[in-house]
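I have placed the structure first, in the form of structure tokens, so that the comments after it can refer back to it.
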Amino acid sequence: MGSTMPLLRFGKGLLMVAMLIVLAACARTPTTGVGNIGAGPDGMGGGGAPGSQQEFLVSVGDRVFFETDSSTLTSDAQATLQKQSQWLQQYSQYRIVIEGHADERGTREYNIALGARRATAVVNYLVSLGIPQSRLSTVSYGKERPVAICNDISCWSQNRRAVTVLTN
Amino acid sequence: MNVLTRRAALKMGLSGAAMLAAGPALAQLRITVTGGNFTPMPIAVPNFSSGDPAFGAEVAQVVRNNLTGSGLFRLIDPAGYPQQVGDPNATPAFDAWRTTGADAVVMADVNRSGQIQSSLRLWDTSAGQQVTGKSYGTDASAWRRIAHMASDAVYTGLTGETGYFDSRVVFVAESGPRANRVKRLAIMDQDGANVQYLTDGQLPAITPRLSPNGQLCAYMVFDGPQSSGIYVLNLANGQTQSLGRFGQMSFAPRFSPDGRRIAFSVTTGATTNIYAMDTAGGQPQQITTGSAIDTSPSYSADGSRLVFESDRGGRPQIYVMASGGGGAERISYGDGSYSTPVWSPKGDLIAFTRQSGGEFQIGIMAPDGSGERILASSYHAEGPTWAPNGRVLMYFRDPGGNEGPSLYSIDIWGRNERRIGTQGFASDPAWGPLLS
């Protein structure tokens, strides 16, 4: 039994290191908001208090996905944005940044423009659902900030996204 | 094998490709590339004689690496040389050099006395004649430039082409996990040595480009709605200035050949158009209109035209127009999509990134779109940049996953693909001018 203690400690150390890396990652992100963190495991923080960023993330969903080289909103994306619109109209204290992203299967500069086009598609849709334009702004990260790291199709699709980030 | 024949073959290889733009030269280009009978010229480079023999050996080694790295030369093993240290002031013992198999031998010295001074003679061992005799100097702080200038003298003497070794490449040095990667600008000698960082990595910096005189570096800072945009760094004094804030985001900066203008992309809503403005500042002029994505502009060598990428026809393709705008004509018609066109400094070719069949490719075509040739193909390859002599390209490849990008070079005949050694990951290379 005695021999497991150092191992346990070692494991904890690793966890600490992992958490520090995650925190460092968040600290480098210029916009504060749930969009850059991603959903935690079930039960962690629960659904969040009504009107909280956590609730928006867990109960509404902060992101929509796109087909390859497309900025057309799929029916899934429209359904998510309709839920977002209802929530955002209820909690009008938030300003909203739509981050547009692209997968790695494109060139750097084109993907910057493609990310902007995706973010704009989301903004236009939210405005059409009644969110005031003045609450919304966009930014494109091109392919510079992938969330999923791999080299196959299932992975690329997670990176072709627009993320709704709430700021106070 | 007669050295003159070899040298003639080298020159023919280079000029054959130079005629690519003429169209009917395609057959000649093919002969050059697929002939398989191109044999790198065997060359001997003894240590440079020097008051500091270790220094002379070090300089000679950089020259050897440059010449063999070009793919045009094969180094004869110094262990078999009849003399280990070169003497530029004596006629070589041609018989002895011929027995080593060397068709050419480089005899040089280098000395430090405040400045660094070097003299070099390049000899044709078969004819027993001098090909090139040169002397040159640099600041004591830039000793590698002496080796690069010597390399250019040899390259020019034996190919008839301008060299490219005395040049630098700016690039993005990347580190850290892919999802949160630090991206710093850095500059290095073309061979990957002598790396200096230009930005601290606090803000991600991408797509650097050097001005034609190599003194300014335009790039994009990429960090959210507040600070994204184009900046210009003065390499002489380290000062950075914003080019200005245009639309929601401006990016893809490119200098005109005279350095006075910068073309770039401006995003407004879903639309991205090309603008240009004076490097010194002022109001930008809109060059393209419409609702498409127009980006990655590149000036022709004479500044009269711009090649750029646009998805106005559906997928991204390459178009050429007047540099003031208007009359855009599509020039890319192969399968897939085309991006990042770059006009050769010689004006004869346009390099590009192509995506086709699930692969990324680096290719070249004439400015009218004819003579397209794919030089390299892989899971990901992107962003070619021209060596100042228009005969070598550098670009970056990324294997995906948790790995990161590396820089590669290849010649315009698709030969000699080589990884440029960098510490850590590297992307977005942009080749600067010949310094001497």
Side-chain angles (χ1 to χ4, degrees), chain A residues 21-22 24-33 36 38 68-71 95 97-101 103-124 133 136-153 155-156 159 165 167, chain B residues 172 176-183 202-204 206-207 220 222-228 247-249 251-252 265 267-273 291-297 309-311 314-316 337-340 352-353 355 358 360 379-380 382-383 396 398-403 427-428:
Chain A
I21 290 171
V22 168
C26 296
R28 273 182 37 78
T29 307
T31 45
T32 54
N36 295 310
T68 299
D69 198 10
S70 168
S71 57
R95 291 184 55 80
V97 178
I98 308 296
E99 295 180 354
H101 297 269
D103 67 23
E104 66 196 79
R105 306 310 282 167
T107 48
R108 211 162 217 172
E109 289 173 342
Y110 180 78
N111 277 353
I112 293 172
L114 179 59
R117 194 186 259 172
R118 285 173 174 160
T120 302
V122 167
V123 164
N124 289 346
Q133 181 93 50
L136 291 155
S137 59
T138 62
V139 62
S140 172
Y141 288 109
K143 63 174 175 177
E144 308 303 313
R145 294 194 177 178
V147 284
I149 311 300
C150 48
N151 41 19
D152 60 52
I153 284 171
C155 169
W156 302 332
N159 291 330
V165 178
T167 63
Chain B
V172 176
R178 187 180 288 272
N180 195 25
R181 195 158 271 172
V182 175
K183 296 179 174 119
Q202 288 280 319
L203 298 178
I206 58 171
T207 64
M220 184 202 187
F222 201 87
D223 197 47
Q226 273 69 48
S227 50
S228 288
Q248 276 144 320
M249 193 176 257
F251 60 100
S265 276
T267 291
T268 309
T271 298
T272 296
N273 277 301
S291 58
I293 291 173
D294 294 343
T295 190
S296 298
E309 162 188 356
S310 176
D311 69 352
R315 307 183 71 174
S337 60
Y338 290 75
S339 299
T340 76
F352 54 81
T353 306
Q355 283 177 260
F360 280 61
Y379 170 77
H380 170 272
E382 178 177 343
F396 68 106
D398 194 330
N402 271 315
E403 289 302 304
S427 63
D428 278 351

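The most heavy-atom pairs under 4.5 Å with chain A, out of B:Asp311, B:Thr267, B:Asp294, B:Thr207, come from B:Asp311.
Salt bridge B:Arg181/A:Glu144: absent, no basic N to carboxylate O contact under 4.0 Å. A:Asp69 and B:Arg315 are not joined by a salt bridge, as no carboxylate oxygen comes within less than 4.0 angstrom of a charged side-chain nitrogen.
Cation-pi geometry between A:Arg105 and B:Tyr379 is met: the NZ or CZ atom falls under 6.0 Å from the ring centre, inside 45° of the normal.
No side-chain donor from either of B:Thr271 and A:Arg117 sits under 3.5 Å from a side-chain acceptor of the other. Under 3.5 Å, the side chains of B:Glu382 and A:Thr107 contain no donor-acceptor pair of N or O atoms.
Summarising the geometry of B:Phe396 relative to A:Arg108, their closest heavy-atom pair is CZ-NH1, 4.4 Å, with the distance given to 0.1 Å. A:Ala113 and B:Thr272 make their closest contact through CB-OG1, 3.4 Å (heavy atoms, listed as atom of the first residue, atom of the second, distance).
Remark: B:Phe251 pairs with no residue by the ring pair (Phe, Tyr, Trp, His ring centres under 6.0 Å) rule, at least two apart or across chains. Residues that satisfy the ring pair (Phe, Tyr, Trp, His ring centres under 6.0 Å) test with A:Tyr110, not counting sequence neighbours, are absent from this structure.
Looking at B:Thr295, only its side chain comes within 4.5 Å of chain A, counting heavy atoms on both sides. For chain A, no part of B:Ser310 is nearby; none of its heavy atoms comes within less than 4.5 Å. For B:Asp398, no part sits under 4.5 Å from any heavy atom of chain A, backbone or side chain.
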